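Take a look at the structure below.
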Amino acid sequence: MKTRFAPSPTGLLHIGGIRTALFSWLYAKHNKGEFVLRIEDTDRERSTDEAVRVILDGMAWLGLDHDEGPFYQTQRFDRYKEVINQLLEAGHAYRCTCSKERVDKIRDEAMSQGKKPRYDGHCRALNVSEDDSNNNFVIRFKTPTDGQIIVDDAVQGKVIFENSELDDLIIARSDGTPTYNLTVVVDDMDMEITDVIRGDDHLNNTPRQINILKALGAQIPNYAHIPMILGPDGKKLSKRDGAASVLQYRDDGYLPEALLNYLVRLGWSKDDQEIFSIDEMISEFDIKDVNKSASSINPDKLLWLNQHYLKNSDNALLVKPLADLFKAMELTTDARPDLEDVIDVQKHRTETLKDMAEQSMLFYQDFDEYAEKAAKKHLRPVVLEPLKVLYESLENIQDWTNENIKAAIEEIAEKFEIKMGKLAQPLRVAVTGTGISPSIDDTLRLLGQDKSLLRLRKGIAFIENRSTS
């Protein structure tokens with residue numbers, strides 16, 4: 001078995017394309033076959049280097065490794081020209097000199113009569129040569145006028161197309177460049193693709209491609225056309241809902257395992273199981289089990305899955321992606337605390353790595369001002385004396401551990417006959433600038449003794465200034 005993923009770099013690869021890649025990759029892996037990556041970049045006006053980079057980086061980030069490729073169609077023009085000439089010589093294609101205006105007129109007339117717009121085959125039997133055409137022609141494939149194309153689609157079921165409903169499609173433009181339906185056929189034939197898994201928007205192209213494959217005497221692959229992914233509102237995906245670059249998910253702090261787990265469940269299921277490791281996906285996935293109906297994005301479900309994987313990930317594996325997010329925020333994490341320590345504390349409190357990075361900035365970046373609401377509520381004269389005594393207690397700790405930090409806070413709270421929270425929360429605001437952080441002992445331990453004391457002094461001075469002003 002050999003499957004392929006063949007994105008066009010005319011727009012940024014989004015999760016709809018990635019799900020197609022994932023299904024193709026899993027199906028090949030499940031059947032111990034090969035997976036091919038092909039970049040269909042013949043549309044030079046719309047294809048961009050950035051889109052190619054997103055495809056390659058996105059596939060690498062998700063671990064969807066390819067056995068062959070990446071192949072680029074722009075590097076195969078000589079091969080396409082060879083096949084086009086082969087079709088011309090065999091009588092399966094012909095030169096068409098009809099003007100665009102004539103073709104448009106034919107289509108408009110057909111539509112006005114409620115008929116399917118199609119080329120009328122005017123040049124089909126004229127045997128136009130290159131000399132006769134003044135090099136102003138397109139090349140059309142000579143579609144059979146009778147018979148049927150029956151597609152036993154693994155997802156859609158049996159689909160029947162009448163050849164009489166298909167027109168003679170253009171396989172080479174007037175400038176000689178090949179069209180999509182020609183290049184994809186040649187590529188699938190040359191690369192010996194056995195199973196084509198793609199979006200159901202390509203289903204209508206399939207009979208045309210099968211006819212070309214038959215004309216070339218090539219093996220017809222198996223087809224599976226998967227339904228599209230819709231937004232939460234049931235409409236076409238918008239950039240807000242998931243049609244942005246797949247790398248945006250990486251930059252937003254999602255884990256690749258979570259995104260893959262989420263996407264595999266959009267249209268495919270195994271009993272009531274929700275969490276799938278990559279090995280489980282490979283073991284259980286069969287393209288025949290994919291639903292025929294479209295699936296809708298559920299951002300909350302993706303967040304839930306991401307939080308699950310975050311909690312259960314090896315801390316060491318999260319260090320690099322977290323460091324990359326800090327770097328994007330222009331923060332250095334060379335100084336303490338160690339990122340693995342931060343991850344260990346924060347992974348149970350956050351939903352994404354981006355959340356973790358934003359909520360961990362306090363350990364690496366000093367703040368200029370306190371959050372107004374938190375300061376007004378907690379940095380009040382009533383806690384000035386307890387905080388001063390606590391400062392002395394914390395300063396005398398020899399071994400800066402959670403146990404010793406917590407014991408010091410509890411001791412001072414008891415001494416002043418106040419609840420633990422009545423002391424811990426002002427302390428938290430003093431050292432973080434806000435009222436939100438991990439447990440107070442974890443927060444102080446990660447900050448380190450020197451930084452904790454420095455910030456606590458700042459908090460005490462803030463209260464003193466407010467008291468005298």
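Note that the structure is a prediction, hence the values are computed from the model and not measured. All heavy atoms count here, side chains included; hydrogens, waters and symmetry mates do not.
Although no hydrogens or angles enter the test, the distance criterion places a donor-acceptor pair under 3.5 Å between the side chain of Asn312 and the main chain of His308. The main-chain N or O of Ile170 is found under 3.5 Å from a side-chain atom of Thr179 such that the two form a donor-acceptor pair. Side-chain atoms of Ser295 come within 3.5 Å of backbone N or O of Gly267 as a donor-acceptor pair. A donor-acceptor pair under 3.5 Å is formed between the side chain of Ser112 and the backbone N or O of Glu109. The closest donor-acceptor contact from the side chain of Asn31 to the backbone of Tyr27 lies under 3.5 Å. With Arg95 contributing its side chain and Val128 its backbone, the two residues share a donor-acceptor pair below 3.5 Å. In this structure a side-chain-to-backbone donor-acceptor pair under 3.5 Å is present from Lys451 to Phe363. With hydrogens and angles disregarded, no donor-acceptor distance shorter than 3.5 Å links the side chain of Glu162 to the backbone of Ser164. A donor-acceptor contact shorter than 3.5 Å is absent between the side chain of Trp25 and the backbone of Phe35. A donor-acceptor pair under 3.5 Å is absent between the side-chain atoms of Ser269 and the main chain of Arg265, judged by distance alone.
Between Asp167 and Lys116, no side-chain nitrogen of the basic residue sits less than 4.0 Å from a carboxylate oxygen of the acidic one, so the salt-bridge criterion is not met. One finds a salt bridge joining Asp104 and Lys100 here, because a Lys/Arg side-chain nitrogen approaches an Asp/Glu carboxylate oxygen to under 4.0 Å. Using a cut-off of 4.0 Å between Lys/Arg side-chain N and Asp/Glu carboxylate O, Lys327 and Asp324 are scored as not salt-bridged. The residues Glu68 and Lys2 are annotated as salt-bridged, a charged nitrogen and a carboxylate oxygen being separated by less than 4.0 angstrom. Salt-bridge formation is not detected for the pair Lys105/Asp120: no Lys NZ or Arg NE/NH1/NH2 atom is positioned less than 4.0 Å from an Asp or Glu carboxylate oxygen. Here Asp286 does not pair with Lys270 in a salt bridge; the nearest charged N to carboxylate O distance is not below 4.0 Å. The existence of a salt bridge linking Asp41 and Arg44 is confirmed by a sub-4.0 Å separation between a basic side-chain nitrogen and an acidic carboxylate oxygen. A salt bridge links Glu40 with Arg38: the closest approach of a Lys/Arg side-chain nitrogen to an acidic carboxylate oxygen falls below 4.0 angstrom. Between Asp78 and Lys81 there is no salt bridge, since none of the side-chain N atoms of the basic residue sits less than 4.0 Å from a carboxylate O of the acidic one. The pair Lys158-Asp153 fails the salt-bridge criterion, with no side-chain N (NZ, NE, NH1 or NH2) lying under 4.0 Å from an Asp/Glu carboxylate O.
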Q) Can you check side-chain contact (heavy atoms from CB on, under 4.5 Å) on Trp400 and Leu444, steps first, answer last? A) CA-CA 9 Å; Trp400 194 252; Leu444 265 63; 3.9 Å; yes
(Q) Apply salt bridge (charged side-chain N to carboxylate O under 4.0 Å, His left out) to residues Lys406 and Asp442 and explain how you reach the verdict. (A) CA-CA 9 Å; Lys406 187 174 182 182; Asp442 274 330; over 6 Å; no
Q: In sequence, state the C-alpha distance, the side-chain angles, and the governing distance for Lys301 and Glu274, and then conclude on salt bridge (charged side-chain N to carboxylate O under 4.0 Å, His left out).
A: CA-CA 10 Å; Lys301 179 72 170 295; Glu274 292 288 353; 2.9 Å; yes
Q | Test log, rule side-chain hydrogen bond (donor to acceptor under 3.5 Å, both in side chains), inputs Arg445 and Asn402 | A | CA-CA 6 Å; Arg445 178 180 61 81; Asn402 283 59; 2.4 Å; yes
Q: For ring pair (Phe, Tyr, Trp, His ring centres under 6.0 Å), just list the numbers for Phe326 and Tyr364, CA-CA rounded to whole Å, side-chain angles, deciding distance to a tenth of an Å, and then say yes or no.
A: CA-CA 10 Å; Phe326 274 122; Tyr364 303 98; 5.4 Å; yes
Q: Apply the test ring pair (Phe, Tyr, Trp, His ring centres under 6.0 Å) to residues Phe285 and Trp268: give CA-CA distance (whole Å), side-chain angles for both, the deciding distance (0.1 Å), then the verdict.
A: CA-CA 8 Å; Phe285 184 81; Trp268 176 83; 5.6 Å; yes
Q: Could you check Ser439 against Asp441 for side-chain hydrogen bond (donor to acceptor under 3.5 Å, both in side chains), going step by step and ending with a plain yes or no?
A: CA-CA 6 Å; Ser439 67; Asp441 46 318; 3.1 Å; yes
(Q) Let's go through Phe71 and His66 carefully: what are the C-alpha distance in whole Å and the side-chain angles of both, what is the deciding distance for ring pair (Phe, Tyr, Trp, His ring centres under 6.0 Å) to 0.1 Å, and is it a yes or a no? (A) CA-CA 11 Å; Phe71 297 108; His66 45 274; 8.9 Å; no
Q: Verify side-chain hydrogen bond (donor to acceptor under 3.5 Å, both in side chains) between Ser47 and Thr10, making sure each step is shown before the conclusion.
A: CA-CA 4 Å; Ser47 296; Thr10 54; 5.9 Å; no
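We find the OG1-CZ distance between Thr74 and Arg76 to be 11.0 Å, quoted to the nearest 0.5 Å. Atom CD of Glu358 sits about 11.5 Å away from atom CG of Leu353, to the nearest 0.5 Å. Note that the OG atom of Ser99 and the CG atom of Asn136 stand 9.5 Å from one another [nearest 0.5 Å]. To the nearest 0.5 Å, the span separating CZ on Arg198 from CZ on Arg4 amounts to 5.5 Å. Taking CZ of Arg208 as the reference point, atom CG of Asn163 lies at 10.5 Å (rounded to 0.5 Å). Here the CD1 atom belonging to Ile287 is positioned 9.0 Å from the CG atom belonging to Asp195, to the nearest 0.5 angstrom.
Of all heavy-atom pairs spanning Pro337 and Val342, the tightest one is CG-CG2, 3.6 Å. Leu322 approaches Ile343 most closely through the heavy-atom pair CD2-CG1, 3.6 Å. Between Pro207 and Leu166, the shortest heavy-atom distance links the atoms CB-CD1, 3.9 Å. Contact detail for Pro438 and Thr443: the closest heavy-atom pair is O-OG1, 3.0 Å. The two atoms that bring Ile84 and Pro178 nearest to each other are CD1-CB, 4.3 Å, heavy atoms only. Contact detail for Thr432 and Leu362: the closest heavy-atom pair is CG2-CD1, 3.9 Å.
Between Tyr309 and Asn261, the side chains place a donor N or O and an acceptor N or O closer than 3.5 Å (distance only, hydrogens not considered).
Between Asn315 and Glu340, the closest side-chain pair of non-hydrogen atoms falls below 4.5 Å. Ile55 has its side chain within reach of Ile39: a pair of non-hydrogen atoms, C-beta onward, lies under 4.5 Å apart. In this structure, the side chains of Asn205 and Tyr180 come closer than 4.5 Å at one or more pairs of heavy atoms. Taking the side chain as every heavy atom from C-beta outward, Asn298 and Pro232 never approach each other to under 4.5 Å. Residues Asp168 and Phe141 have side chains not in contact (no heavy-atom distance under 4.5 Å, counting atoms from C-beta outward). Counting heavy atoms from C-beta on, the side chains of Thr206 and Ile210 come closer than 4.5 Å. Within the 4.5 Å cutoff, the side chain of Thr352 has no heavy atoms near those of the Asp252 side chain. Annotation: side chain of Arg102 is in contact with side chain of His122 (closest heavy-atom distance under 4.5 Å).
Considering Thr42, Asp187, Thr177, Thr183 in turn, Asp187 is the only one that fulfils the side-chain hydrogen bond (donor to acceptor under 3.5 Å, both in side chains) rule with Tyr80.
For Arg140 and Tyr119, the positive end sits near the middle of the six-membered ring, less than 6.0 Å away and at most 45° from its axis.
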